[in-house]
2 protein chains.
Amino acid sequence: MSAAPTEILIDLSTAILRHHGERLECRLVGAASARQAKRLPFGPFMPDQHRTMEIGLRHWVREQVGVDLAHVEQLYTFADQGRHASGEAAHIVSVGYLALTRTREQKSAPSQAPTEDGDWEDLYAFFPWEDWRQGRPEVLDTQILPGLDKWLEKDARAADRVRLAFGRDGAQWDEEFVLERYELLYEASLVEEALVDQGSKGRRQPKPDLGLALHLDHRRILATALGRLRSKLKYRPVIFDLMPSGFTLRALQSTTEMVMGVNLHQQNFRRLVEKSGFLISTGKTQRARGRPAEVFRLRHNEHTERPLSGLRVSAGRAKPNAK
Amino acid sequence: MSAAPTEILIDLSTAILRHHGERLECRLVGAASARQAKRLPFGPFMPDQHRTMEIGLRHWVREQVGVDLAHVEQLYTFADQGRHASGEAAHIVSVGYLALTRTREQKSAPSQAPTEDGDWEDLYAFFPWEDWRQGRPEVLDTQILPGLDKWLEKDARAADRVRLAFGRDGAQWDEEFVLERYELLYEASLVEEALVDQGSKGRRQPKPDLGLALHLDHRRILATALGRLRSKLKYRPVIFDLMPSGFTLRALQSTTEMVMGVNLHQQNFRRLVEKSGFLISTGKTQRARGRPAEVFRLRHNEHTERPLSGLRVSAGRAKPNAK
DNA sequence: TCTATTTATACTCAAAATGAGCATAACTGT
DNA sequence: ACAGTTATGCTCATTTTGAGTATAAATAGA
């Protein structure tokens, strides 16, 4: 019932997301050498120094990144062989976390100013096929589906998984299936990490346009994070952990759209949010181009969160394909 | 950035649930000695023998339990100090899993026959306060809320968490907050495991009626499992992984009620299920006392799962308090 | 055999939520 | 003043939900 165990190291890796300007961004570290893939902030779990993993995680984040985390949530524990460099003596298990940070209050216009506060990358740079805000991403039909079909020719067992994940043959595109889609692309060797893990350097070229690669399985963790966030938005008010203390409804909607990767119907979104009772007006307004917008803030927790539900967001019609 | 790590062992523990007769049951093992708490099926993760943790888990389940698992899902990775016997040399991290098994086809009546196929315990024996099928559980008002209030007297910081988790002061009882409730009871030292972990043997007596205790943090894993299952039911068709191949709508509803811990409106449940398109009639009927019921089966996966949604179950009015 | 009881299934109806638009208000820049 | 832009208000048809009433098809017992 028991055997001599291989030494195990636990790695804590965190997908830290923020909303900045018009982008949903992820914090990266590393990649000192030119051609090396970047990585999520991470560090080993040291049980003799950190009472819980979350404490350990906050330690590493503080040390490497220095941002305030508004929401922290454990995602998944990955322990697959073959997803880690095999040179290591110990077996590495990685525990992935999702963390959200509030945007700092923007003084006036959503500046494109290159605030050099660390290495933040557009989340959709890693998953171009997940952003439907400008309509159905072209890469799906030019690269992904053909690539998957070619893969299915050799072994059609995954055909149904592909159908469900990518919404073919009458199946719906489900924006929550971020991980399932990434895993299929990995299995079909369409993303760079798969080729790296196979050690087949140079044998096949990674497809272009299939997103930036990350260190080890960090992109998988990021996919899990996005899927979880999209899912959670619908039943828990986590979106507010991406917002600054005061914000307009339009800003809230933009952030929601960034996360969900779809456009929403503005008037209905407003109705939804108002009805939820989460927000309270600050009386102030924010002016930019058109009519000034009312600035809201989250109602104090003392009395909020009656139903604690999220925003039952559903995709309106996508804006006419911006082409 | 790196330090000599304490040795870490990973423990895989699985909450295996089934629906049997009129109960939702959980499989237990161990407790060879009389006064010792039982435990979930478990075993160490051995990375040199099991490629993934799920493979390891299936290995231990096969060895200890011997049931077919219809659904397996990782729940959470717990690594808190103090939740494990501190006599151990290594630090133990436990990865909790939820697994569902299908009820074997019942030939005729839902027999109360004592089929001795292992140690299956009523899930609500561990969480009596979670079962609202006969109305609001009395233990809430006789034991739990008074106990929590006494605890809050010393330190009121958790007052709002209690309010939300237990649905007081206008807050709704949310059936998904199983873990939050258990954690609060643990923090308030109202469940036996808290006293064991504090090592304060005999100092305070564990409250009666607050459910059976389990080994180490296994009851916490079980709470996570129930919460996750309740949540998942609403957006993914997992309930069918508890059902035999053919079943009546009433049986499906009963199972759903067991999981959710509330009663549902029969006619509306039928409407919901029929509309979902998951089921297809077998043409057969099952007869018991009243009018015979149509027997359904899950539609073949090939064409099902269009929206892949769950059963947007919501509690109807509880049956008049069965007293 | 008749009848009460039990369970399954079919329909109805009002209230609430949703999806899609039109209309108007309140700004900016020229 | 006017065009352009964005926020906000309101309507309306449709769908979904919650809660009943009504009916069908069996069993068990007198």
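Below, chains carry the letters A, B, ... as their sequence lines are ordered, and counting in each starts from 1. If you're wondering where the values come from, they're calculated on a predicted model, not measured in any experiment.
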In chain order, what residues pass the salt bridge (Lys or Arg N to Asp or Glu O under 4.0 Å) check against A:E180, with sequence neighbours excluded?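 For A:E180 there are no salt bridge (Lys or Arg N to Asp or Glu O under 4.0 Å) partners, ignoring immediate neighbours.
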Using whole Å, what does the distance between atom [atom2] of nucleotide [N] and atom [atom1] of [X] come to?
| X | N | atom1 | atom2 | answer |
| --- | --- | --- | --- | --- |
| B:F247 | C:dA8 | CZ | P | 14 Å |
| B:F269 | D:dT17 | CZ | P | 13 Å |
| A:E294 | D:dA7 | CD | P | 12 Å |
| B:H265 | C:dA10 | NE2 | C1' | 12 Å |
| A:K284 | D:dA7 | NZ | C1' | 19 Å |
| A:E22 | D:dT6 | CD | C1' | 14 Å |
| B:N263 | C:dT7 | CG | P | 14 Å |
| B:E274 | D:dT15 | CD | C1' | 17 Å |

From the set [options], return the single nucleotide nearest to any side-chain atom of [X].
| X | options | result |
| --- | --- | --- |
| B:R271 | C:dA20, D:dG9, D:dG18 | D:dG18 |
| B:K275 | D:dC12, D:dT17, D:dG18 | D:dT17 |
| A:Q267 | D:dG20, D:dG9, D:dT16 | D:dG9 |

Table of protein N/O atoms under 3.5 Å from nucleotides 2-5 of chain D N/O atoms:
none

In terms of the angle between their ring planes, are B:F166 and B:W173 parallel, tilted or perpendicular, with boundaries placed at 30° and 60°?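 Geometry flag for B:W173 against B:F166: perpendicular rings.
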Salt bridge between [X] and [Y], side-chain N to carboxylate O under 4.0 Å?
| X | Y | value |
| --- | --- | --- |
| A:E176 | B:R236 | yes |
| B:R102 | B:D241 | yes |
| B:R181 | B:E175 | no |

More than 12 heavy atoms of other residues, nucleotides or ligands under 6.0 Å from CG of A:D68: yes or no?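 No - once you tally the heavy atoms of other residues, nucleotides and ligands closer than 6.0 Å, there are 12 at most.
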Toward the 5' end of DNA chain C, which comes first, A:A288 or B:F296, by nearest nucleotide?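 Upstream on the strand: B:F296.
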Below 4.0 angstrom from OP1 or OP2 of D:dT27, is there any side-chain N or O of B:R287?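 Yes.
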Do the side-chain N or O atoms of A:Q266 get closer than 4.0 angstrom to the phosphate oxygens (OP1, OP2) of D:dA7?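 Answer yes for this pair, as a side-chain N or O of A:Q266 is under 4.0 Å from OP1 or OP2.
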Can you list the residues that meet the ring pair (Phe, Tyr, Trp, His ring centres under 6.0 Å) rule with A:W120, with sequence neighbours excluded?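 A:W120 satisfies ring pair (Phe, Tyr, Trp, His ring centres under 6.0 Å) with no residue once adjacent residues are dropped.
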Hey, which of these two, A:A293 or A:N268, hits DNA chain D nearer its 5' end, going by closest nucleotide?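 Taking each residue's closest nucleotide, the earlier one in sequence belongs to A:A293.
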